[in-house]
Amino acid sequence: MSTQINSYIAANKDRFLNELLDLLRIPSVSADPKYKNDVLKTADAVKEKLISAGADKVELCQTPGYPIVYGEKIISESLPTVLVYGHYDVQPADPLNLWTSPPFEPVIKDGNIYARGSCDDKGQVYMHVKAFEAMMKTNSLPCNVKFMIEGEEEVGSANLGNFIKANKKVLEADVVLISDTSILANNIPSITVGLRGLAYMEVEVTGPNRDLHSGVYGGAVANPINVLAEMIASLKDKNGKITIPGFYKDVEIVSKKERAEMAKAPFSLNAYKKELQIGDIRGEKGYTAPELTSIRPALDVNGIWGGYTGDGAKTVLPSKAYAKISMRLVPHQNSDKISNLFEKHFKKIAPKSVKVKVTALHGGEGCVTPTDSVAYAAASQAMHDTFKKKPIPVRSGGSIPIVALFEKELKVKSVLMGFGLDSDDIHSPNEHYGVFNYFKGIETIPLFFKYFTEMSK
Ligand code: BES
Ligand code: MN
Ligand code: MN
């Protein structure tokens, strides 16, 4: 069967690539209301592509936010069902001046497709649409498939939980297949088996009731930016541990044995430092970089602002300072609980000279996915076939909160078979996705379907 699929893919290579470029031209930035029409246009485009690939019951499911594209091909009740999840929305492209080509005018350079969303996640979603088309057109879809492609992943999937709860029957499946993660390298395939959770906070620190002259008042009146900086600095101790009381209480202790297993995945600290042009890494003492970004939680300021930031100097003692602070969580830490601990602590450490407001913007739980399941074995075999190497299981530091929800609400586990690279600059300027990776995905997905069906018998 696979030679037939492969010939189909080869014969349609240029079209598969050009169609993705068309999809990348629509700026589906979910965070910015300015792009509302484009996000909706992208949902329509995904819907049309699913229809022409051969899906049934394709519809835009309305939510209070952006629609979820649903489609399916049910061939028999007695066959297993794969639910494919992905997202058609993308991160904002800012800062625009750092892009070497415009983010929504895709170009192919040195084997990479440069565009916002090329890897995260339009490129990886579109691999599934094209793999499905290839299976349909060659009469080789071996089992049932359902697609659920959402448009609010990059803003926290606020409406997806309700959608899942309200559509449990429709979404019933034996496995969720997601391509929204990375492999270690193009010659080192890997399958993601863990993701971190997230608690994302915004804080507002208010000093005096209005901006003041920094000469007339400076020295006596608390400067909220200074205070905010001190407060943030105190959130970690000298060993890089987060100081919020109770923060580590539920952190899963990964055994020495499992850590030794993880350490087998190839990693070069020197290459890591060189690639990022950093003199050293910085984190909790006693852990390696791959551990710090997967099995340990992290706290990072994502943005900080206040006062005068324009050209030249303005002497001002500002009234307000703000920061956006994210905490990446590990399995068993609960994002609501951590948000509450953060809020309580942040208010407690504020000096009397300022007022503090804390808002939780979004959150989600981490996950670990099984390596002893039929679905994992199928993904492993499929990647082994296409990469000629057995993929390594690795935990990743990013978050896809819906994975934990799928498990909780639908009682179905996910396989995170992504094809990106950590160096693809997702969420950054010059996001790119390898043409190699795009087609590897299109070739590997039908094999996953084949092995999953065979192994489920
Ligand atoms: N695809 C990413 C998550 C990801 C990236 C997982 C790389 C593993 C490796 C996803 O689109 C994403 O960016 N998620 C957000 C969380 C969300 C709640 C905004 C994240 O991780 O910041
Ligand atoms: Mn993504
Ligand atoms: Mn993302």
Side-chain angles (χ1 to χ4, degrees), residues 24 28-32 42 65-66 84-94 103 115-128 148-161 176-185 190-202 265 290 293-295 297-303 324-330 335-336 338-339 360-369 393-406 414-429 431-433 437 441:
L24 294 170
S28 52
V29 181
S30 51
D32 187 344
T42 309
Y66 288 119
V84 173
Y85 163 82
H87 61 97
Y88 64 80
D89 66 320
V90 302
Q91 284 276 321
D94 319 67
R116 172 55 88 231
S118 54
C119 172
D120 185 13
D121 185 33
K122 283 166 157 177
Q124 300 206 62
V125 161
Y126 211 62
M127 298 179 321
H128 283 273
M148 186 180 99
I149 314 297
E150 71 150 319
E152 298 185 301
E153 197 277 342
E154 298 292 8
V155 288
S157 306
N159 297 297
L160 197 60
V176 183
L177 179 61
I178 304 176
S179 297
D180 194 20
T181 51
S182 30
I183 50 175
L184 286 172
S190 57
I191 296 175
T192 302
V193 292
L195 292 165
R196 288 196 287 187
L198 181 66
Y200 197 111
M201 317 296 291
E202 183 165 322
T293 54
S294 64
I295 59 165
L299 182 150
D300 279 285
V301 180
N302 294 244
K324 290 183 192 283
I325 300 172
S326 69
M327 288 163 284
R328 294 284 169 174
L329 311 176
V330 294
S335 62
D336 286 335
I338 293 293
S339 298
L361 293 187
H362 54 66
E365 313 315 327
C367 66
V368 273
T369 59
V394 286
R395 289 208 207 179
S396 168
S399 307
I400 310 178
I402 203 63
V403 175
L405 274 180
F406 279 135
S414 300
V415 168
L416 300 160
M417 190 173 73
F419 293 87
L421 294 173
D422 281 347
S423 56
D424 281 344
D425 291 324
I426 64 171
H427 294 209
S428 295
E431 176 177 352
H432 53 280
Y433 190 43
N437 304 69

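Atoms considered below: every heavy atom in the structure, side chains included; atoms not considered: hydrogens, waters and symmetry mates. Just so you know, ligand 1 is whichever comes first in the structure, and atom 1 is the first atom listed for that ligand.
A donor-acceptor contact shorter than 3.5 Å is absent between the side chain of Ser414 and the backbone of Leu177. In this structure, the side chain of Arg196 engages the main chain of Gly397 through a donor-acceptor pair within 3.5 Å. Looking only at distances, a side-chain donor or acceptor of Asp89 sits under 3.5 Å from a matching main-chain atom of Glu154.
Between the side chains of Thr42 and Lys122, no donor-acceptor pair of N or O atoms lies under 3.5 Å. No hydrogens or angles considered: a donor-acceptor pair under 3.5 Å links the side chains of Arg328 and Ser399.
Within the 4.5 Å cutoff, no side-chain heavy atoms of Ile426 are placed close to those of Gln91. Cys119 has its side chain within reach of Glu431: a pair of non-hydrogen atoms, C-beta onward, lies under 4.5 Å apart.
The one candidate from Asp121, Leu160, Ile149 that meets the side chain to side chain contact (heavy atoms under 4.5 Å, CB included) condition with Tyr85 is Leu160.
Two rings, from Tyr66 and Tyr88, have their centers 6.0 Å or more apart.
Ordered by chain and number, Asp120 OD2, Glu154 OE1, Glu154 OE2, His427 NE2 make up the set of protein N, O or S atoms under 2.8 Å of the Mn ion (ligand 3).
Around ligand 1, the residues contributing at least one heavy atom under 4.0 Å from the ligand are His87, Asp120, Glu153, Glu154, Asp180, Thr181, Leu195, Leu198, Arg328, His362, Ser396, Gly398, Ser399, Ile400, Pro401, Ile426, His427.
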